[in-house]
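Values below: every heavy atom of this structure, side chains too, minus hydrogens, waters and symmetry copies. Given the structure is predicted, the values throughout are model-derived calculations rather than measurements. Proteins get letters first, then strands, A, B, ... in listed order; numbering begins at 1 in each.
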Amino acid sequence: MTEREDVRAFLTKLLSRKDDPKPFADDESLVLSGRLDSVDVLDVVVFLEKRYGFALDPAEFDPGRLDSVDRIADLLKRRRRK
Amino acid sequence: MRSFRLIPRLETYPALVSWVRTAPGRLALVVVFTALLRLSGFALWLPTGAILLAASFFPARRRFIFFFAALYWIYRDPPLNLFLLTRLPALGPAAERIPLWSVFAVVAGIFFLFGLYLQTVRRFPNFPVSRRPVIFLLSVLCVSVVVSVHLSGLPYFVAVAAAMILSRYLWFFAYAVSDLRSAGVAPDAGTLGALRPFWGYTDVPFAKGALFLSRIEAKDDESLAVVQLKGLKLLAWSLVLQAAAAQLGRLDGVVPTYAAALAAQAAGAPVAWRLRWAVLLLQFLRSVAAVSVLGHRIVAVARMAGYAAPRNTVRPFSSTTIAEYYNRFYYYFKELLADFFFYPTYLRFFKDSPRLRLFAATLAAAGFGNAVFHFVSGADAVWSDGLRPALKSFHVYAVYCLILGVAIAVSQLRARARGRAPRTGARRAFSIAVVFVFYLLMTVVAESEQLDRRLTIADYGLYFVNLFRP
């Protein structure tokens, strides 16, 4: 499973926990569309911490970077490059 | 029947969307929108309509248009309490002789200093003042307040004006710094436009800062037409709510205001038991209606300007948990608390204890952050009443924040433990009723900042207890 697929699977699970089975595009902002709220963003944070050992810097934290498959995958890619 | 809509989904009619993309369509849309703005009683409907017209016909120049709009708004409606500033008790009659241009000089000075601060953040991102913008800005405000009360004459006036402006702009500045840090985007015309958005604001930045705006900006003609039609629809909905709220006004004289009921209680002649509940219910409904109408209007103008801003209030009375209601009632305030208190606390503390981590972050936002925001927002009380009385009178709101923070934190933990919310039937209705009653009861202390500041928590506590004593 690629990172992108892993992220998509996680977001699908997160949405299904909220009774939201609707499909979503990789570039769809799930926070702006109201499908995820701030507590759900924390689930994404925990997912990144546990699965990928991510430690997000509070001073640079931007929830807007965690609201779609594309953005999360991009974050993971950039982190790998560092 | 379920598909019935009082206001049709205009943006789903392809022919209408196409027509709105043409010059006559755009013109007609802005004219109708401006007429509705006027109907809503919005005083600045004409300049707002003119700005919207310019932005609709020159979308590529949108940010520059909004930059000049921001300058005009600062001139038209200076970001401070001019009435209080020109009647400062500590200055006496001398306050009225201070020329107005000096206020704008202070505004310009504050913006200049903020520009220097942004440069510092850019060049030295690891400085403590760069990493903790809210703490830094709050510290500057505290120092200005404390220093101001020890000055006199012109220096006193300048310090008070500066502190007043900072208290109005603190969260706008915080978003600008946060944008710079998270995206590395250099401040531009869009940054100033976002500092004083012409679509309106409270002390809460609607649509956050320039970075958020750039994410929700209409990128082409079609998305602009769609978002503008959504804006028109929202403004129409705001008018419907405004008309409904006006009906509550017909109860004036039948049901006393909450302020009057509290005064009657203080005078030893409390209103009748049933009336106490009616007073509270009316206060609660009025407050929700006021936030909804104002929020819808601001977001509607932002959408007409080409930004697909999320609604501020979305069916709060359908909430099945206390936390959900808070999410639905005042979205941009909740976002402010999340951005500057919730996420930072969550990312810094209690990483090994998930439940404590969530509890602490929620309490930091809905409790502590809420209290800080409202004290800053009501900072004018420091100059009208004095520092000590202002702090003392704030204790009621601080208690409210503590109760609310704990309630939302517990609600979130319970919701996560329970999993799915009840979908239909009696359980759902019961959950909705519990949430409604909780916020109805919180109304006892929720608006203490707008009521008689001499009242203590004991006065509000007595009103609360008397609700259950026929």
Side-chain angles (χ1 to χ4, degrees), chain A residues 10-22 24-72 74-79 81-82, chain B residues 121 125-128 130-134 177-184 208-209 211-212 214-216 308-311 314 321 323-324 326-328 331 334-335 337-340 342-349 351 354 357-358 361-362 365 408-409 411-413 415-416 419-423:
Chain A
F10 171 75
L11 290 176
T12 306
K13 199 170 139 192
L14 190 59
L15 286 168
S16 74
R17 216 171 61 196
K18 293 165 67 81
D19 284 334
D20 181 350
K22 280 189 290 182
F24 57 93
D26 278 2
D27 64 349
E28 182 181 338
S29 167
L30 298 170
V31 174
L32 283 180
S33 61
R35 295 176 71 180
L36 294 183
D37 63 23
S38 30
V39 178
D40 301 320
V41 171
L42 297 186
D43 282 332
V44 179
V45 170
V46 172
F47 164 74
L48 292 174
E49 283 175 348
K50 287 193 174 161
R51 186 72 63 98
Y52 296 100
F54 237 91
L56 291 156
D57 182 354
E60 288 172 6
F61 182 71
D62 172 11
R65 283 188 188 168
L66 301 178
D67 71 347
S68 71
V69 174
D70 278 351
R71 284 176 196 265
I72 300 172
D74 183 50
L75 199 67
L76 286 168
K77 200 194 293 177
R78 272 190 287 144
R79 179 57 60 106
R81 274 198 214 124
K82 281 186 185 175
Chain B
V121 173
N126 290 321
F127 272 19
S130 307
R131 290 185 62 81
R132 306 283 182 104
V134 172
V177 177
S178 171
D179 288 354
L180 182 60
R181 283 203 59 90
S182 61
K208 304 184 177 195
L211 178 63
F212 185 75
S214 70
R215 284 179 181 155
I216 60 174
R311 276 169 62 171
V314 186
T321 68
E324 187 188 351
Y326 207 66
N327 249 333
R328 288 175 171 274
Y331 175 77
K334 187 273 299 178
E335 282 292 289
L337 295 178
D339 290 334
F340 297 117
F342 184 68
Y343 296 127
T345 307
Y346 192 85
L347 292 170
R348 282 193 174 100
F349 304 107
K351 290 189 178 181
R357 195 180 184 190
L358 181 59
T362 309
I408 293 176
S411 163
Q412 268 174 350
L413 288 173
R416 289 171 83 76
R420 292 176 182 183
R423 275 183 247 179

Discussion item. side-chain contact (heavy atoms from CB on, under 4.5 Å), that's the test. Do A/Phe61 and B/Asp339 meet it? Break it down for me.
Written reply: CA-CA 9 Å; A/Phe61 182 71; B/Asp339 290 334; over 6 Å; no

Residues A/Ala59 and B/Arg181: closest non-hydrogen pair is O-NE, 3.1 Å

task: Taking atom NZ of B/Lys351 as the centre, report whether more than 12 heavy atoms of other residues, nucleotides or ligands fall under 6.0 Å from it.
output: yes

Q.
Quick check on B/Arg132: does its CZ atom have over 12 non-hydrogen neighbours (other residues, nucleotides or ligands) under 6.0 Å away?
A. no

Within this structure, what is the [atom1]-[atom2] distance for the pair [X] and [Y], rounded to the nearest 0.5 Å?
X	Y	atom1	atom2	answer
A/Asp57	B/Arg131	CG	CZ	4.0 Å
B/Leu337	A/Ser38	CG	OG	9.5 Å
B/Arg416	A/Asp43	CZ	CG	4.0 Å
A/Glu60	B/Leu347	CD	CG	12.0 Å

Are B/Arg215 and A/Asp62 close enough for a salt bridge, meaning some N to O gap below 4.0 Å?
yes

Checking A/Val41, A/Val39, A/Val46 against B/Tyr346 for side-chain contact (heavy atoms from CB on, under 4.5 Å), the one that qualifies is A/Val46

Okay, A/Val45 and chain B: the region with an atom under 4.5 Å from a heavy atom over there is side chain

Please test B/Phe212 against A/Leu32 for side-chain contact (heavy atoms from CB on, under 4.5 Å), starting from the C-alpha separation and ending with a verdict. CA-CA 10 Å; B/Phe212 185 75; A/Leu32 283 180; 3.3 Å; yes

Cut-off 4.5 Å, heavy atoms of chain A, and the answer for B/Arg311 is neither

